[in-house]
Amino acid sequence: MNTTLLGLIIVLLVLIILFQISRAGELIGVLRGNNMTSQERNNKIHGMLFLIFMIVGLPLSFWATWYYKDWFLPPASSVHGAEIESMFFWTLVATVPVFVLTHIVLFVFSYIYSGSATKKSYYFPGSNKLEMIWTMIPAFVMILLVYQGISSWYRIMGDAPADAYIIEATAKQFAWDFRYSGLDNKLGNKQIKYISSENAFGQDWKDANNKDDFQADTLHLPLNKAVLVKINALDVLHNFYLPHFKVKMDAVPGIPTQFWFIPTKTTEQMRQDLNNPKFEYELACAELCGVSHFNMRRVVVVEEEAKFKKWLASQESLYKKQNVAAKESNTTPTTASQQTEENSSATTSKKVSLK
Amino acid sequence: MANMHQDTLHNDLSHDVIHHDADHHEEGHGHHKESFITKYIFSQDHKMISKQFLITGIVWSLIGVFFSVLFRFQLGWPDESFPLLEMFLGGWAKGGKLDPQFYYALVTMHGTIMVFFVLTAGLSGTFSNLLIPLQIGARDMAAPFLNMLSYWFFFTASVLLFISLFLQTGPAAGGWTVYPPLSALPQANIGSGTGMTLWLLSMAVFVVSSLLGSLNYIATILNMRTKGMTMMRMPLTMWAFFFTAILGVLSFPVLLSGALLLIFDRSLGTNFYLSDIYIAGQQFTNSAGELVQGGSPILFQHLFWFLGHPEVYIIILPAMGMVSEILAANCRKPIFGYSAMVLSILAITVLAFLVWAHHMFMSGMNPFVGSIFVLFTLLIAVPSAIKVFNWIGTMWRANINYTPATLFAVGFVSMFISGGLTGIFLGNSTLDIPLHDTYFVTAHFHIVMAMAGGFGMLAGIYHWFPKMWKGRQMNDTMGAIHFWVTFVGSYCIFWPMHYLGMTGVPRRYYTDEYFNTFNMYENLNVFISVSAIIVFAAQLLFVINFFYSAFKGKKMTTENPFNYNTLEWTTPIEPGHGNWEGAIPAVHRGPYEYYKDGHDFIPQTTPDSALK
Ligand code: HEM
Ligand SMILES: [Cu+2]
Ligand SMILES: [Cu+2]
């Protein structure tokens, strides 16, 4: 409380002092008459300040980037992530020189062309040749970047390999739920209408593919195998975001989305590489979804395929857990009309595309 | 009385523009006594309307920037408690810590206020109104009455949004982009109740204001240029305002339609944007009790960004125009490549309509569609680059006079370079996968839009201040201090955000503490917050300077003490309604003839015969 007040008072005092000094300067200027030399001095000072800003600022920007580089995400733990990193690198190659050169020219000009009454500017309204040059070069560079970008984009967003392991991620306020497709790698149909306290996903128990689907609180992924994540949301927009794998895709109520990728480093490996025994891969939400948007963390575990398979086999299916078979024999069978309703999020391991 | 005045004005207009009839105008001010209300409140004088936009914009900017300081407290010191906050905010800051709901409300209001009320209405509204008639040589806007309405619709929009700040449930809190379903469902967020209703109404009224203004600007520029003022002799400000208005007219209606459909979804039980929703333990059903299906949240994003992207150019084009004018005038040199500058504005305007979906690469949109938007998005960097090179070319072998306006103009160029280059990263959908919705985006758009746009606006205020306040000038020393603190401070705020972005830290997080991946930037966040507070304090210095100078500032003693070329400097020191006392001067040349053939400057009104 006191420090905040003190801070406010200091700010106020500084403002008053600056105000008084500035006013005094103006009054003196009026008394002396509007002399050109003070204007010239003023121009020199600001030209110099721009130059200093550049001489300090440019190296500082590089130094700071270097200083923080170890805090940036480590090399991506996915196959397509490496492709994104290459895109990033080439975009840096295209932009950093422009950043440096334009700023040097801008601030050097600011300095050497600071004005005075004795100097005159050079009347030069432009040059079409120069305009051509500085239109064509950026255009050419952009086309190269677009070419590399779109090629990668199509590979990344293209069809998942036919043997990709299918996992479903469902977002709701404020948690992620995972449904694994079990040993058959087929997710059963589900529908909002079937959601109940016993059936969190709204699985259609008449779909045989549902019999081995199970739920998990941790996202387990197999090493060096393609995984296809089917992403959906129950209530509002969310975003399935795995920073270390460079995976990001909105979760949209009513419109299923997906993202496939190949993890290339186990959690264990990362712990060694980063020398951090506590390291965990994390899943976050990257689309504002309400008051606890910042708190939708899930842990992600990447393990060797054999270990992953073992884990898969050890999980109990929701069908069994909820003892659906027993309950179903007690209730009247559902009508055939419900059978025809398909939910597009339900799918098999057949070829999938986003289109 | 207002009407009578109006009629005289129009008669004069037709005289001037058509016959260039010299003598009979002692028009405007002196002739008709105006009441306080017609002069200061329901004024139809473009200069007064411009001041109304500016003052409202300044009030909003103080509120909007203050909000950002509040939430920077949370981000910089997440564990600290500030009892002062609780004193002022009560339940929104229990125990001196911002409530997350309130944090999101602040973020949402900050974005809405700064984008629409400050950098659209406050910038374009102020300077289009002030400068269009003055720089093309017209007595007023084509339709002064609609112009007045434009301000009062903006005022109404302001009031609606302002009221929403005091609701029990708080204002809208779903981000300035108000994506449904979050914004459509009060059960998803309490800010999506009455707060969101007021947001939508405010926006609808704002669109009306913007359209009335823009149509007026277009009509005025096309029809009311003085004799000799061909399009290619207009100052670049005019071209910028002209294309800005076109962007506004073509894109704001789309936002209105998007907002209307959202209003329908919220109040009339339609489901344009809603489908398959299960919320708060229940299916989201229609009145017949059936699950609502078939709507698309992505549709809203398309409608929103069809405005939203042009909107960022609606903000930056006027700033670009003013920076071009201010740079040339104070470099005492013609703008480099006038026609290239005009063409690049045109190219930006056209391309601005073809890039909106770059905000939606990760929305689940068809990847093929995404790739088309990559192409157009990166192409828009080309006209942007042309402009930068031309500004730098203008400074080459110049004789630069560093007024506060010039300082901000140079700062603008630097900011626009830094922020434009990061756009090239984000515009590439492949790179947008890791960068989307991280602090990298926050850094990008604050530098290229917020800072550059703000610098353009401040440059304009310093430069044309005498034309608004009876020939008084702002204090240069305070202006210089204001510039340097803001310039250095802004880089200190936004440059480090790139680092957070490269660590993948998501934007719009109340705290990063739950994620080991994101939570290591405590010190840097303190640094950013401290910088933000210092920059905010510097803006207070600006406000002091502004109001002090408006009443006590140094007065110009001649019409054109700075030797500028454009028409506004041929009006009297205190121009009345109607702007010129005699006939409107005719124009004989372009606006940027500085040091041509040994003449320091050649005002546009100088005929060739007067040059020897
Ligand atoms: C060089 C040209 C530019 C390119 C290629 C570019 C590209 C982009 C892209 C792709 C995004 C979306 C990033 C994401 O959400 O993942 C973005 C965001 C944004 N850009 Fe730019 N941009 C450029 C220039 C500008 C300019 C000139 C302005 C404004 C004057 C601007 C304002 C914004 C804003 C406000 C956002 C964020 C909106 C939000 O999500 O809240 N950009 N830009
Ligand atoms: Cu979220
Ligand atoms: Cu955009």
Side-chain angles (χ1 to χ4, degrees), chain A residues 1 4 11 15 18-19 22 25-26 43 46 68 71-73 84 87 91 95 99 102 105-106 109-110 113-115 119-123 125-126 131 134 138-139 142 146 149-150 152-153 157 192 195 234-237 243 246 248 250 252-254 257 282 286 288 290-291 294-295 297 354-355, chain B residues 83-84 100-101 175 179 181-182 188-189 275-279 297 332-334 336-337 340 362-364 367 371 374-375 378 382 385 389 392 395 397-402 417 421 425 428-431 433-434 437 475 477-478 499 502-504 506 508-510 514-515 517 537 541 544 595-596:
Chain A
M1 179 80 165
T4 331
V11 167
L15 285 178
L18 289 178
F19 175 72
S22 308
E26 193 166 84
N43 289 343
H46 289 300
Y68 281 109
W71 300 23
F72 302 163
L73 286 170
I84 294 176
M87 188 70 246
T91 309
T95 51
F99 172 76
T102 48
V105 177
L106 176 70
F109 283 6
S110 301
Y113 300 124
S114 69
K119 286 196 270 184
K120 288 199 181 325
S121 65
Y122 170 58
Y123 182 82
E131 301 290 348
W134 61 47
M142 287 306 126
V146 170
I150 294 185
S152 298
W153 176 247
M157 291 290 152
I192 298 260
I195 296 181
L234 285 182
D235 38 33
V236 300
L237 298 177
K246 305 223 184 291
K248 193 176 281 149
D250 273 2
V252 188
T257 58
E282 290 172 318
L288 179 53
V291 69
F294 55 92
N295 193 7
R297 176 178 186 263
L354 262 183
K355 277 163 226 145
Chain B
L84 215 57
Q101 177 67 33
Y179 283 177
L182 184 62
N189 185 294
S275 178
D276 288 301
I277 288 171
Y278 184 88
I279 189 161
R332 317 299 300 162
K333 252 194 91 195
F336 199 100
M362 299 302 125
S363 67
S371 66
V374 173
L375 177 66
L378 289 212
V382 176
F389 296 139
I392 294 179
M395 293 169 70
R397 298 184 66 180
N399 192 16
I400 308 168
N401 189 20
Y402 284 115
I417 295 170
L421 288 172
F425 291 73
N428 207 324
S429 54
T430 302
L431 281 182
I433 298 171
D437 260 333
N475 180 296
T477 316
M478 271 192 267
Y499 303 150
M502 288 199 276
T503 307
R508 294 173 169 165
Y509 265 31
Y510 168 72
Y514 294 99
F515 289 85
T517 315
L541 186 66
I544 294 172
Y595 282 110
K596 189 182 185 187

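All of these numbers come straight from a predicted model, not from anything done at the bench. Every heavy atom of this structure was used, including side-chain atoms; hydrogens, water molecules and symmetry mates were not.
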Specify which of Pro138(A), Ser152(A), Pro125(A) makes the most heavy-atom pairs with chain B at under 4.5 Å. Pro125(A)

Find the one option among Met142(A), Glu282(A), Lys120(A) whose heavy-atom pairs under 4.5 Å with chain B are most numerous. Glu282(A)

Donor-acceptor check, side chain of Thr95(A) to backbone of Leu421(B), threshold 3.5 angstrom: yes or no? no

Where do Ser429(B) and Trp153(A) come nearest, in terms of heavy atoms and distance? OG-CD2, 3.0 Å

Which residues pass the ring pair (Phe, Tyr, Trp, His ring centres under 6.0 Å) test with Tyr122(A), sequence neighbours left out? Phe124(A), Trp396(B)

Decide if the gap between the ring center of Tyr123(A) and the ring center of Tyr595(B) is smaller than 6.0 angstrom. no

Does the side chain of Met395(B) come within less than 4.5 Å of Ser110(A)'s, by heavy atoms? yes

Mind checking what makes salt bridge (charged side-chain N to carboxylate O under 4.0 Å, His left out) contact with Arg508(B), not counting sequence neighbours? none

What residue in Val105(A), Val252(A), Thr102(A) has the most heavy-atom pairs under 4.5 Å with chain B? Thr102(A)

Counting distance only, does the side-chain N/O of Thr430(B) pair as donor-acceptor with the main-chain N or O of Gly149(A) below 3.5 Å? yes

Check each atom of Phe425(B) against the heavy atoms of chain A and say whether the ones under 4.5 Å are side chain, backbone, both or neither. both

Turns out that what part of Asn428(B) lies under 4.5 Å from chain A's heavy atoms comes down to side chain

Where does the angle between the aromatic ring planes of Tyr509(B) and Phe294(A) fall among parallel (under 30°), tilted (30 to 60°) and perpendicular (over 60°)? perpendicular

Does any non-hydrogen side-chain atom of Phe109(A) lie less than 4.5 Å from one of Ile392(B)? yes

